[in-house]
Amino acid sequence: MNYMPGTASLIQDIDKKHLVLLRDGRTLIGFLRSIDQFANLVLHQTVERIHVGKKYGDIPRGIFVVRGENVVLLGEIDLEKESDTLLQQVSIEEILEEQRVELQAKQESEKLKVQALKERGLVVPRADTLDEY
Amino acid sequence: MASGMPVWGQGRSAAALVEAGSSVGMAQVWELSCGCDGEETSGLSEARKGSMPWACHHPLSEGAGGLCGTQPRPVRVVSQRSDRDVLGLLHCLQSSLSFCSVPSHLTQLHPQHQRILTQRQHVSPKKLWSPKADPCAGLMTCKEKDWVVKVEMIQLQSENLDDDYYYQTYYHRLEHKQAEEELLGGRNKQEPPKLVTPFIQKVETYNSVVRIAGSLGQVAVSTCYSPRRAIDAVHHALVEEVGEGGHQAPSFLPCLSGFVPVRAFIPREAEDEFLQVLCVRKGKKLTARLLPHLAPEQAEKILLTITHHLPFLMKKDVPDEVSTSSLGQRVLGCFLLTLFLEQAILLGLSKAGTLPESAELPLTMALKNQFGISLLYSLLSRGEGLLSSETPLEPHIGDFETWTDTVFLVARELSQVPKALLVEPLFLPSNLLSLFCRYLDKQTVHHLEAKMESELAWI
């Protein structure tokens with residue numbers, strides 16, 4: 001409801017299907033049922049969609065309550081256009097396998113990169129390997 | 001264009017709206033009618049249909065001033081979203097404002113705009129508003145939505161609009177846009193619609209009145225509106241006395257001697273106060289800490305009071321057995337350490353002896369209460385210790401009888417009370433069995449031994 005120009009509210013988005021991208025990289029798709037002033041969301045019939053390349057897989061998750069600060073963005077899904085996609089849906093097992101493979105490949109390439117940099121004397125500290133904190 | 005009609009603008013601007021609607025930038029301001037029947041609602045009007053609350057407020061621009069009494073009031077709706085959303089809003093508004101002379105303004109739309117509208121109208125209702133298909137729709141009630149919007153509105157209020165960057169930027173842009181259109185369109189200068197924020201007053205303004213002397217900071221608002229129950233009232237004067245003297249035992253003595261007179265009997269009032277102290281956890285701890293430091297006489301009096309009022313204390317003790325056990329340890333320690341005169345014991349025992357007279361319960365209660373049972377056992381043990389020792393005693397007439405009666409009574413109760421209910425004492429004196437042996441037959445002694453041993457198993 002826009003009483004003041006320049007404002008945005010999720011009130012109009014209620015009961016509509018949304019795609020929510022979280023800070024940890026997960027993609028959730030569900031019906032937005034409830035919100036609050038922090039943009040905490042209640043998603044209904046939620047599905048976690050994993051994308052790998054041109055394939056995707058859906059994991060049904062039920063009801064999600066998402067804390068507002070963890071949301072990167074969200075947008076309404078046009079139900080008509082939902083099926084016009086070039087992506088191919090696969091089974092959950094397959095997509096998880098693909099994801100694992102992708103992750104592994106990424107890790108290996110990262111390792112090589114770090115190795116190469118180290119050889120050249122450049123050490124890039126990674127957030128997850130920091131000892132100080 | 002009729003004077004009373006809200007401004008839809010020329011075709012260009014309307015079309016521009018449709019095109020620009022999907023951009024994130026500031027869109028044209030529309031003015032739509034909304035009938036509010038003369039009310040200047042500061043909050044939100046009830047949703048007429050569907051789930052969209054609409055606010056109605058007066059625009060303060062002079063152009064609209066004439067509208068006030070006669071025409072339905074304009075409402076500002078700004079859309080920065082997709083066309084569909086905008087048109088969806090329109091549709092909703094249309095359906096909800098059946099009493100307004102709204103439809104006519106549509107005819108003044110740019111034909112392209114109108115075409116799109118009518119097209120979309122056919123499509124959108126099916127998709128957007130089909131509550132039958134969606135059983136869980138409407139989880140968030142109107143009231144809740146209004147509340148969220150209210151919170152958001154409050155967040156938008158600012159006392160000083162000059163400092164509000166967003167406000168200023170928005171209006172600069174708006175003015176520029178209108179100036180451009182002016183130049184291009186050659187219209188009369190349109191006044192940039194002045195912003196009127198719905199003034200939502202914060203209802204619960206808490207004027208802090210409650211200040212506790214010597215506290216750091218204020219009492220929490222929630223506590224002020226719903227105060228918590230304080231601890232069971234203890235006489236204030238005594239609490240303060242006790243509080244002050246608590247840290248150093250010697251300083252407490254004059255205080256204590258103040259209400260424990262030389263005579264064996266403590267005056268009723270002081271006794272009551274002392275009992276009240278004992279009801280509180282801190283009181284128990286305090287007494288426990290104090291006992292070892294008192295002179296034997298004074299300690300005696302305190303112990304006598306405790307024994308005398310044992311049932312009362314045990315009842316009060318139910319929620320707080322933990323602290324009583326600490327008191328118990330001290331008390332029992334005192335029992336053993338201080339050279340207990342036999343008069344004191346027998347006095348105590350006679351008090352214990354009178355317990356059953358008042359009701360059979362107190363003794364049984366004692367057995368179920370850790371403090372009670374420990375006290376009982378230590379009393380008996382001490383008595384046994386004294387009797388079995390060679391020290392010459394000066395018994396009063398009838399004392400031995402009272403003693404034996406008490407022992408029998410305890411033995412009987414002990415055998416009757418089911419094992420499950422017997423609580424383990426803080427410690428089990430070793431001479432209890434010999435005491436029982438002295439007075440009771442072997443069978444009963446074995447029975448009692450079995451009972452007490454089950455407690456021992458837990459130690």
Side-chain angles (χ1 to χ4, degrees), chain A residues 1-21 28-48 58-85, chain B residues 24 26-29 43-44 47 51-57 75-82 84-85 88-89 92 123 126-129 131 134-141 144-157 164 166-167 169-171 173-174 193 195-198 200:
Chain A
M1 176 27 45
N2 285 321
Y3 305 111
M4 287 179 70
T7 66
S9 178
L10 289 170
I11 292 281
Q12 289 98 312
D13 289 9
I14 285 205
D15 291 335
K16 296 185 186 147
K17 197 167 188 182
H18 278 72
L19 181 141
V20 181
L21 183 64
L28 300 177
I29 294 172
F31 288 92
L32 184 63
R33 292 294 177 207
S34 186
I35 58 149
D36 67 358
Q37 68 267 37
F38 308 111
N40 293 330
L41 316 167
V42 173
L43 294 170
H44 183 224
Q45 291 170 358
T46 321
V47 145
E48 183 182 332
D58 284 347
I59 307 174
R61 295 288 195 192
I63 299 176
F64 251 88
V65 175
V66 183
R67 190 182 165 93
E69 68 172 326
N70 293 304
V71 174
V72 171
L73 55 88
L74 68 135
E76 190 188 335
I77 291 177
D78 189 338
L79 294 165
E80 294 160 26
K81 297 183 183 168
E82 204 184 351
S83 28
D84 318 336
T85 174
Chain B
V24 181
M26 301 300 168
Q28 183 83 11
V29 171
L44 311 162
S51 54
M52 307 243 189
W54 297 90
C56 304
H57 55 265
V75 148
R76 245 172 234 112
V77 172
V78 175
S79 175
Q80 296 157 307
R81 313 256 197 80
S82 69
R84 212 161 127 265
D85 204 65
L89 290 175
C92 182
V123 178
K126 290 175 198 165
K127 285 294 168 182
L128 296 176
W129 287 277
D134 195 356
C136 296
L139 180 73
M140 215 178 167
T141 62
E144 288 167 359
K145 289 186 193 177
D146 287 355
W147 182 83
V148 173
V149 176
K150 187 179 162 194
V151 172
E152 292 174 355
M153 286 296 125
I154 289 175
Q155 290 169 355
L156 292 175
Q157 282 175 9
D164 192 336
Y166 297 100
Y167 178 88
T169 325
Y170 176 74
Y171 273 98
R173 287 195 193 175
L174 191 63
L195 178 69
V196 179
T197 62
I200 298 172

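Remember, predicted model here, so these are calculated numbers, not experimental data.
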Interatomic distance, CD@Glu152(B) vs CG@Leu10(A), rounded to 0.5 Å, equals 7.5 Å
Taking every non-hydrogen atom, the tightest pair across Met140(B) and Arg33(A):
CB-O, 3.6 Å
List the atom pairs, with distances to 0.1 Å, where a side-chain N or O of residues 63-74 of chain A and a protein N or O form a donor-acceptor pair under 3.5 Å, not counting sequence neighbours.
| from | atom 1 | to | atom 2 | distance (Å) |
| --- | --- | --- | --- | --- |
| Arg67(A) | NE | Glu69(A) | OE2 | 2.7 |

Sequence neighbours excluded, the answer for side-chain contact (heavy atoms from CB on, under 4.5 Å) partners of Ile29(A) is Lys17(A), Leu19(A), Arg49(A), Ile77(A)
Heavy-atom pair with the smallest gap, counting every atom of Val151(B) and Gln37(A):
CG1-CB, 3.5 Å
Which value, rounded to the nearest 0.5 Å, describes the distance between Ile11(A) atom CD1 and Lys145(B) atom NZ?
6.5 Å
Return the CG to CG distance between Asp15(A) and Leu139(B), rounded to the nearest 0.5 Å.
7.5 Å
